[in-house]
J.: 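Questions regarding the structure given below will be posed in turn.
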Amino acid sequence: MSTATTTVTVTGMTCGGCAARVRDEIGRVSGVSSVAVDIASGEVTVASTGPVERAELAAAVVRAGYAVAD
Ligand SMILES: [Cu+2]
């Protein structure tokens, strides 16, 4: 099984609740196998079983109530 890692910078997260919401929404994106959130930097590292569109990840972040910086 091939894996890919994508990193996005999320703005507006302030606590563990924010991180959990982002993690949950991104975790629902097809192919995503794990999500690691660094609240302080906003960096979210997404591991997936294949390439995942950044636009899909950004849409998931927006559904969670946050925005992608890059
Ligand atoms: Cu929060």
Side-chain angles (χ1 to χ4, degrees):
M1 186 168 70
S2 64
T3 57
T5 302
T6 309
T7 302
V8 293
T9 302
V10 175
T11 58
M13 295 188 297
T14 56
C15 70
C18 299
R21 284 203 291 278
V22 169
R23 209 159 42 226
D24 285 353
E25 281 297 337
I26 291 180
R28 289 192 178 95
V29 173
S30 174
V32 171
S33 51
S34 77
V35 185
V37 178
D38 185 308
I39 298 165
S41 66
E43 195 170 282
V44 177
T45 305
V46 181
S48 54
T49 55
V52 171
E53 295 282 340
R54 292 182 74 81
E56 267 192 88
L57 299 181
V61 168
V62 169
R63 282 197 299 277
Y66 304 92
V68 171
D70 52 357

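Given the structure is predicted, the values throughout are model-derived calculations rather than measurements.
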J.: Throw together a table of side-chain donor-acceptor distances under 3.5 angstrom for residues 13-24, partners on residues two or more places apart or in other chains.
T.:
| unit_1 | atom_1 | unit_2 | atom_2 | d |
| --- | --- | --- | --- | --- |
| Arg21 | NH2 | Tyr66 | OH | 2.5 |

J.: Mind checking the CD1-CZ spacing from Ile26 to Arg63? Nearest 0.5 Å is all I need.
T.: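 Those atoms lie 9.5 Å apart.
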
J.: Taking all heavy atoms of Ala40 and all of Asp38, pick out the closest pair and write down the distance.
T.: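 Looking at all heavy atoms of both residues, the closest pair is N-OD1, 3.1 Å.
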
J.: Please answer whether the main-chain N or O of Gly42 pairs with a side-chain N or O of Thr9 as donor and acceptor at a distance below 3.5 Å.
T.: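 No.
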
J.: Where do Val52 and Leu57 land on the side chain to side chain contact (heavy atoms under 4.5 Å, CB included) test, with the steps shown first?
T.: CA-CA 8 Å; Val52 171; Leu57 299 181; 3.6 Å; yes

J.: Measure across Ala69 and Thr11 and return the closest heavy-atom pair with its distance rounded to 0.1 Å.
T.: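 Heavy atoms of Ala69 and Thr11 come nearest at CB-CG2, 3.6 Å.
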
